A.B. asks: 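I am attaching a structure below and will ask some questions about it afterwards.
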Amino acid sequence: MRDRQLDIYRAIVMIYMVCIIHCCYLLGDAGEPLLSIMLFAMPSVFFISGASLSVSKSNRGTWETVKNRFKRVVAPYYIYALVLILTGIISSLVLNWVGLSRHAFFDITQYDGEDYLNVLLAKYIPQFSFIWHLWFIPPYLILSCTFPLQVKLMRKINHIVYFAVCLVLFLIVQALPDLTLLKQVLCFNIFMVAGYLFYKQMNTRTRALTGLISLAIILAYMFLLGGNFCPMQDHKFPPDWVYVVYSLFAISALSLVLGNITLKYNLVFKIWNERGYNIYLYQSVVYTIVSILRQKMPLDLPLPGLRLLLDASLVFLLSTALSYLTYPLERWVMKKLRL
């Protein structure tokens, strides 16, 4: 039986990430230390992915998983990239045609070999705004495609030992420079493995103890060793042990709350669960629209929280509405390609 609570958690995390975190970071709707405290969404995504695999009835092998990930991750990204580039070309042609060439923002003739490679590898789409969110695709793709191999190992090795090995491997790679992708993979693997091994397998006492130990380590780092908790972005790119420990605390704390309540699956959760990746991709379009609206209609709000509430509500509504166009388009293209 499908675990609907995981579907709800996935939708909540996506709403939180797209509408709250990115409003705070991309639109400047919050400052420190709130920016750092709220930065635990991506580890939660990987934890939920691992948990979903643990309750899944599917027994896909590595090759079947690779094909499935191409269909669900790679193909939608290329459709998104093509839509963006075609939109840029058409809009620039129209602006040139009506004599407003100074407003044209896109010129594909300026692309060089490196630009095309960045697009193909999902690193960056030049000349477009709010594209940095694509960094998530390579580590997620690597982990999701190789996870069946880890599943075989986890069935033969003690769970605590295997999780400890994942932690040690991540700590070892910290000493190596210029390996951001490897650090990201090993970092988020910790949470994917945790979701797979420990979802619904830990009692309340163990989860509370995990959270308290993680919190104690962070506090000792800050107040005894003089370490900096803020900005957490410096600990996230590339990820270090502070980011991992804080994320373990946050997930433990969330599990203590969500583990004791049952949420109802509704239309909003359904949309953001089923279309979550599509919404995540096209948020660059939404944030471009919102930033333009903010420039055209500046508001002097008395409290910073009101700005966040307004922006988050607008991003939520636009993202949901846009998905009614982009998600069917994505499904139609994939159907035509027989994917």
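Values below: all heavy atoms of this structure, side chains included; hydrogens, waters and symmetry mates excluded. Because the structure is predicted, anything quoted here is derived from the model rather than measured.
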A.B. asks: Step through it carefully: locate the ring centre of Y277, locate the ring centre of W272, and say whether they are under 6.0 Å apart.
C.D. replies: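 That pair fails the under 6.0 Å test.
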
A.B. asks: Is the backbone N or O of L53 less than 3.5 Å from a side-chain atom of S56, with the two atoms forming a donor-acceptor pair by type?
C.D. replies: no

A.B. asks: For Y243, give me all partners under ring-ring contact (aromatic ring centres under 6.0 Å, His included), at least two apart in sequence or on another chain.
C.D. replies: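 Per chain and number, Y243 pairs via ring-ring contact (aromatic ring centres under 6.0 Å, His included) with no residue.
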
A.B. asks: Provide the closest heavy-atom pair for I279 versus S319 in the form atom of the first, atom of the second, distance.
C.D. replies: CG2-CB, 3.9 Å

A.B. asks: Suppose we screen for ring-ring contact (aromatic ring centres under 6.0 Å, His included). Which residues come up paired with F170, at least two apart in sequence or across chains?
C.D. replies: none

A.B. asks: Exactly one of I125, T326, N278 should register a side-chain contact (heavy atoms from CB on, under 4.5 Å) with Y80. Which one does?
C.D. replies: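 The single option meeting the side-chain contact (heavy atoms from CB on, under 4.5 Å) with Y80 is I125.
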
A.B. asks: Listed by chain and number, what are the ring-ring contact (aromatic ring centres under 6.0 Å, His included) partners of Y124, not counting sequence neighbours?
C.D. replies: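 None.
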
A.B. asks: Centroid separation under 6.0 Å, is that true for the rings of F136 and Y140?
C.D. replies: yes

A.B. asks: Looking at Y221 and A216, would you say the former's side chain and the latter's main chain have a donor-acceptor pair under 3.5 Å?
C.D. replies: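 No.
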
A.B. asks: Do V165 and Y162 belong to the same hydrophobic cluster, where Ile, Leu, Val, Met, Phe, Trp and Tyr are linked whenever their side-chain heavy atoms lie under 4.5 Å apart, directly or via other members?
C.D. replies: yes

A.B. asks: Do V268 and L318 sit in the same hydrophobic cluster, where Ile, Leu, Val, Met, Phe, Trp and Tyr count as joined when their side-chain heavy atoms come under 4.5 Å apart?
C.D. replies: yes

A.B. asks: Clusters formed by hydrophobic residues whose side-chain heavy atoms approach within less than 4.5 Å: which one holds V168, and what are its other members?
C.D. replies: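 Noted: V168 shares its cluster with I172.
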
A.B. asks: Run through N203, T204, T210 and flag the one making a side chain to side chain donor-acceptor pair (under 3.5 Å) with R207.
C.D. replies: T204

A.B. asks: Between Y196 and F147, does a ring-ring contact (aromatic ring centres under 6.0 Å, His included) hold up when you go through it step by step?
C.D. replies: CA-CA 10 Å; Y196 185 85; F147 205 72; 5.6 Å; yes

A.B. asks: Answer yes if V257 and V13 sit in the same cluster of Ile, Leu, Val, Met, Phe, Trp and Tyr residues linked by side chain heavy atoms under 4.5 Å apart, and no otherwise.
C.D. replies: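 No; tracing contacts between hydrophobic side chains, which count when under 4.5 Å, never links both residues.
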
A.B. asks: Any chance you could lay out the side chain to side chain contact (heavy atoms under 4.5 Å, CB included) test for I12 and F269, step after step, and finish with the verdict?
C.D. replies: CA-CA 7 Å; I12 290 174; F269 290 151; 3.7 Å; yes

A.B. asks: Looking only at the aromatic ring of each residue, does the gap between the centers of F46 and F188 stay below 6.0 angstrom?
C.D. replies: yes

A.B. asks: Under the criterion side chain to side chain contact (heavy atoms under 4.5 Å, CB included), I'd like the reasoning laid out for K270 against Y265: C-alpha separation, chi angles, the key distance, then a yes or no.
C.D. replies: CA-CA 7 Å; K270 183 176 186 294; Y265 197 63; 3.7 Å; yes

A.B. asks: Through direct or indirect side-chain contacts below 4.5 angstrom among Ile, Leu, Val, Met, Phe, Trp and Tyr, which residues connect to V66?
C.D. replies: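 Direct or chained contacts put V66 with W63.
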
A.B. asks: What pair of heavy atoms forms the shortest contact from I20 to A312, and how long is it?
C.D. replies: CD1-CB, 3.9 Å

A.B. asks: Quick one: list whatever passes side chain to side chain contact (heavy atoms under 4.5 Å, CB included) with A122, sequence neighbours left out.
C.D. replies: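 A122 satisfies side chain to side chain contact (heavy atoms under 4.5 Å, CB included) with Y77, I137 once adjacent residues are dropped.
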
A.B. asks: My understanding is that only residues two or more places apart in sequence, or in another chain, count here; which of them pass ring-ring contact (aromatic ring centres under 6.0 Å, His included) with Y78?
C.D. replies: none

A.B. asks: Residues two or more places apart in sequence or in another chain: which of them pass salt bridge (charged side-chain N to carboxylate O under 4.0 Å, His left out) with R69?
C.D. replies: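 Partners of R69 under the salt bridge (charged side-chain N to carboxylate O under 4.0 Å, His left out) test: none.
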
A.B. asks: Looking only at heavy atoms, what is the nearest atom pair of H133 and L281, with distance?
C.D. replies: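 Shortest heavy-atom separation between H133 and L281 comes out as NE2-O, 2.9 Å.
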
A.B. asks: Can you check side chain to side chain contact (heavy atoms under 4.5 Å, CB included) on V244 and F191, steps first, answer last?
C.D. replies: CA-CA 9 Å; V244 168; F191 300 99; 4.2 Å; yes

A.B. asks: Are D115 and Q127 linked by a side-chain donor-acceptor pair shorter than 3.5 Å?
C.D. replies: no

A.B. asks: To the nearest 0.5 Å, what is the distance between CE (M202) and CG (L209)?
C.D. replies: 9.0 Å

A.B. asks: Looking at residues at least two apart in the chain, or sitting in another chain, which of them share a side-chain hydrogen bond (donor to acceptor under 3.5 Å, both in side chains) with S323?
C.D. replies: R275

A.B. asks: Determine, step by step, whether S144 and T65 satisfy the side chain to side chain contact (heavy atoms under 4.5 Å, CB included) criterion, reporting the C-alpha distance in whole Å, the side-chain angles of both residues, the deciding distance to 0.1 Å, and the verdict.
C.D. replies: CA-CA 8 Å; S144 59; T65 301; 5.5 Å; no

A.B. asks: Could you work out, with salt bridge (charged side-chain N to carboxylate O under 4.0 Å, His left out) as the rule, every residue matching K200, not counting sequence neighbours?
C.D. replies: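 Residues passing salt bridge (charged side-chain N to carboxylate O under 4.0 Å, His left out) with K200: D3.
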
A.B. asks: Identify the heavy atoms of C145 and T62 that sit nearest to each other, and give their distance.
C.D. replies: O-CG2, 3.8 Å

A.B. asks: In a table with atom names and distances, give each donor-acceptor pair under 3.5 Å that connects a side chain of residues 26-36 to protein atoms at least two apart or in another chain.
C.D. replies:
| residue | atom | partner | partner atom | Å |
| --- | --- | --- | --- | --- |
| D29 | OD1 | R294 | NH1 | 3.3 |
| E32 | OE1 | S36 | N | 3.2 |
| E32 | OE1 | S36 | OG | 2.7 |
| E32 | OE2 | S36 | OG | 3.2 |
| S36 | OG | M232 | N | 2.8 |

A.B. asks: Side chain of T320, backbone of F316: donor and acceptor closer than 3.5 Å?
C.D. replies: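 Yes; judged by distance alone, with no hydrogens or angles, the pair exists.
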
A.B. asks: Under the salt bridge (charged side-chain N to carboxylate O under 4.0 Å, His left out) test, which residues partner R307, sequence neighbours left out?
C.D. replies: D311

A.B. asks: Restricting to non-hydrogen atoms, name the atom on F70 and the atom on P76 that form the minimum distance, rounded to 0.1 Å.
C.D. replies: O-CD, 4.2 Å

A.B. asks: Do you reckon L212 sits in the same ILVMFWY cluster as F40, going by side-chain contacts under 4.5 Å, direct or chained?
C.D. replies: no

A.B. asks: Search all heavy atoms of C166 against all heavy atoms of I190 and return the closest pair with its distance.
C.D. replies: O-CG1, 4.1 Å

A.B. asks: Are L120 and I89 connected into the same hydrophobic cluster when the rule is that any two of I, L, V, M, F, W, Y join if their side-chain heavy atoms are below 4.5 Å apart?
C.D. replies: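 Looking at the clustering, L120 is in the same group as I89.
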
A.B. asks: Taking the six-membered ring for Trp and the single ring otherwise, decide whether the centroids of F229 and Y246 are under 6.0 Å apart.
C.D. replies: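 Yes: the rings meet the under 6.0 Å criterion.
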
